[in-house]
**Student:** 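Questions regarding the structure given below will be posed in turn.
Every chain is numbered from 1 and lettered A, B, ... according to where its sequence line falls, protein lines coming before strand lines.
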Amino acid sequence: MKPGHNYRIVTNNPLVRDILGQWYEIDYSDITYREVLVKVRDLIYAGHTLFTHPLSGSVKPNETPYKSILVSKVPGTYDMDGTELMSNAIIAFDKFKQLERHYADYHLRDFQLIDYSLLCSALDVDAVAGLSKRNPS
Amino acid sequence: MKLELGFIEIKDVQFSNECAVKDGILYVNPDQVKEFVYENDDVRQYLKSINFDIAKPGESVRITPVKDVIEPRVKVEGPGGVFPGVISKVDTVGSGRTHVLRGCAVVTAGKIVGFQEGIIDMTGPGADYTPFSKTLNVVMIVEPVEGTKQHDYERAVRFAGLRAATFLGELGRNVTPDEVKTFETYGIKEGLEKLPGLPRVGYLHMLQTQGLLHDTYVYGVDAKKIVATLLNPTETMDGAILSGNCVSACDKNTTYHHLNNPVVAELFEEHGKSINYVCNIITNENVYLADKQRSSDWAAKLAKLLDLDAVIVSEEGFGNPDADLIMNCVKNEKQGIKTVLITDEYAGQDGKSQSLADVSPLATAVVTGGNANMVINLPPMDKVIGTLDYVDIIAGGHAGSLQPDGSIDAELQIITGATNEMGFNRLSAR
């Protein structure tokens, strides 16, 4: 597991908040996928470093409500590459047609799990073990 | 390293009281296959039921949700066995002789994460987009024990499919193949002596490795934990690389694709004629940006160390892997190694948007597998193997995708293998 002192997780995924919040700083809001991208872009503008790819996962931006992205906890040197990645991610998001989709609770749980497990792989967290330590807050 | 592949042409598959390959017909006793499949702890613990069905080319059959497709093979001479590190011991494979039941496949079907599995139509317009409408498919419909977590279910289904394919492959051990082909690559010095003057070409093979349910296995190792490394191309023909992921159906490399990698096949076709096919470099597609930098640095370093003149780069997935694709391109081009990229496109339903999430002016040679956002209509089929419950939320589907008459309006990405980024399909553009 990567140490928590340098990371902030920007997310709209309650599963990420509940599990990874035990070890990492969580910036959780009940916002859209696109709003998470914009929020992270603005953090990168402010000098934070981008640590994970904003389009992680095979689920397309218009097919899941959830997105979690890892950035540095404190601003440092301006992250030029991160800025470009975030701009490209927002362009990519906007080109996808916003499909009408109706999700049952178990669909949402699957989407949360995928987003959570992708972030775990970046943080070297055992995603399976984490699930058994879910904080029910 | 030298491998002989003995191809046994399978012309029909039938359920029977026995399991055998006779005169090109594969006879399958589902109970015997099931017994072998269940001799595995994960399968026993997590799979409540496995039912078998057969789907043949031209039949009015829809298979969904498809997890993996696997070709039955058996190692008959030489070290190791098929699917090393998972089914067989971890001995290095890729030499000796392997028999292939060509024309048939094991298809695993089951809802793991419902939105990430695909559709195979055996006839109609959908059939044109998937190579698995042309194979005789032994379909395993798999149900989990209640309460099974997705990652346990995925692993159990993966093992079940591989075990079934191993069992059926074994039936070809003592059958005389219809055709035998030999594949051989050379060591560095030997290659320079035998093929002087020919351009040295490698295959940079990117593996889907973004995390749980997004993984690929190499000799049983989760490939997100590797640094870029080398494989003899023939190792892939014995199942050294396995699919273990639940990603978009259209550009997922199934285990069948890894066994029959068209880039490997084409490079072997030209090996000794117009090129010296040196080796494969495998690398990953992790989500952590520092991992991307390390893996692409190492892949480029290996290419330089091998004095390659060119590399063919194939991708798996969209978005995050596009960054790895472009890094692999740029780093090799900058050190004078020419690159050709194979990808697919998410260019919007009208095809007018930028196709990839990352670009570079150095990416001057790009082959596309097609636009995964293209909308298609799949007419109803007489029979569904599996369930249509997930069509409206599967990747490429939307609310109302499934029509009352059983037809489906959706994006091409819903079809297994439709825009495969190894180039294993028949789409083209004029």
**Student:** For Q413(B), is it the side chain, the backbone, both, or neither that has a heavy atom closer than 4.5 Å to a heavy atom of chain A?
**Tutor:**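 The answer is the side chain of Q413(B).
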**Student:** Let me confirm one number: the CG-NZ distance from D81(A) to K292(B), rounded to the nearest 0.5 Å.
**Tutor:**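 The CG atom of D81(A) sits 13.0 Å away from the NZ atom of K292(B).
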**Student:** Given heavy-atom pairs under 4.5 angstrom as the criterion, report whether the side chain, backbone, both or neither of L119(A) touches chain B.
**Tutor:**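 Looking at L119(A), nothing touches chain B.
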**Student:** What are the two closest non-hydrogen atoms of K95(A) and F318(B), and how far apart are they?
**Tutor:**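 Heavy atoms of K95(A) and F318(B) come nearest at NZ-CE1, 4.3 Å.
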**Student:** Quick check for you: among Y7(A), Y106(A), Y116(A), which has the greatest number of heavy-atom pairs under 4.5 Å with chain B?
**Tutor:** Y7(A)
**Student:** Please find the pair of heavy atoms, one from A357(B) and one from L55(A), that lie closest to each other, and give the distance.
**Tutor:** CB-CD1, 3.6 Å
**Student:** Check the angle between the aromatic planes of F51(A) and Y288(B) and answer parallel, tilted or perpendicular using the 30° and 60° thresholds.
**Tutor:**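 Ring orientation of F51(A) relative to Y288(B): parallel.
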**Student:** For K225(B), which atoms come within 4.5 Å of any heavy atom of chain A: side chain, backbone, both, or neither?
**Tutor:**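 K225(B) has no heavy atom closer than 4.5 Å to chain A.
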**Student:** Tell me which of these, A92(A), A89(A), G82(A), S56(A), has more heavy-atom pairs under 4.5 Å with chain B than the rest.
**Tutor:**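 Of the candidates given, the most pairs with chain B belong to S56(A).
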**Student:** Taking 4.5 Å as the heavy-atom cut-off, does anything in residues 120-129 of chain A contact chain B, and if so which residues?
**Tutor:**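 Those residues of residues 120-129 of chain A which have a heavy atom under 4.5 Å from chain B are S121(A), A122(A), A127(A), V128(A).
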**Student:** How many angstroms lie between atom OG1 of T49(A) and atom CG of L289(B), to the nearest 0.5 angstrom?
**Tutor:**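 If we round to the nearest 0.5 Å, T49(A):OG1 and L289(B):CG are 10.0 Å apart.
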**Student:** Taking atom CD of Q354(B) and atom CG of D94(A), what is their separation to the nearest 0.5 Å?
**Tutor:**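 CG of D94(A) is found 12.5 Å from CD of Q354(B).
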**Student:** Checking heavy atoms, do the side chain of I91(A), its backbone, both or neither come under 4.5 Å from chain B?
**Tutor:**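 Contact with chain B involves no heavy atom of I91(A) at all.
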**Student:** Step through the shown structure and confirm whether more than 12 heavy atoms of other residues, nucleotides or ligands are within 6.0 Å of CH2 on W298(B).
**Tutor:**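 No, CH2 of W298(B) has 12 or fewer neighbouring heavy atoms, counting only those of other groups under 6.0 Å.
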**Student:** Please tell me if the side chains of L213(B) and L113(A) come closer than 4.5 Å, counting only heavy atoms from C-beta onward.
**Tutor:**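 Of all side-chain heavy-atom pairs linking L113(A) with L213(B), at least one is under 4.5 Å.
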**Student:** Just wondering, are more than 12 heavy atoms of other shown residues or ligands nearer than 6.0 Å to CD in Q403(B)?
**Tutor:**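 Count over threshold, so yes.
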**Student:** Against chain A, label N373(B) side chain, backbone, both or neither, depending on which of its atoms sit under 4.5 Å from a heavy atom there.
**Tutor:** side chain
**Student:** So which bits of residues 143-153 of chain B come within less than 4.5 Å of chain A, counting non-hydrogen atoms only?
**Tutor:** Q150(B), H151(B)
**Student:** If you define the side chain from C-beta out and look only at heavy atoms, does anything of H53(A) sit under 4.5 Å from D324(B)?
**Tutor:**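 Not in contact.
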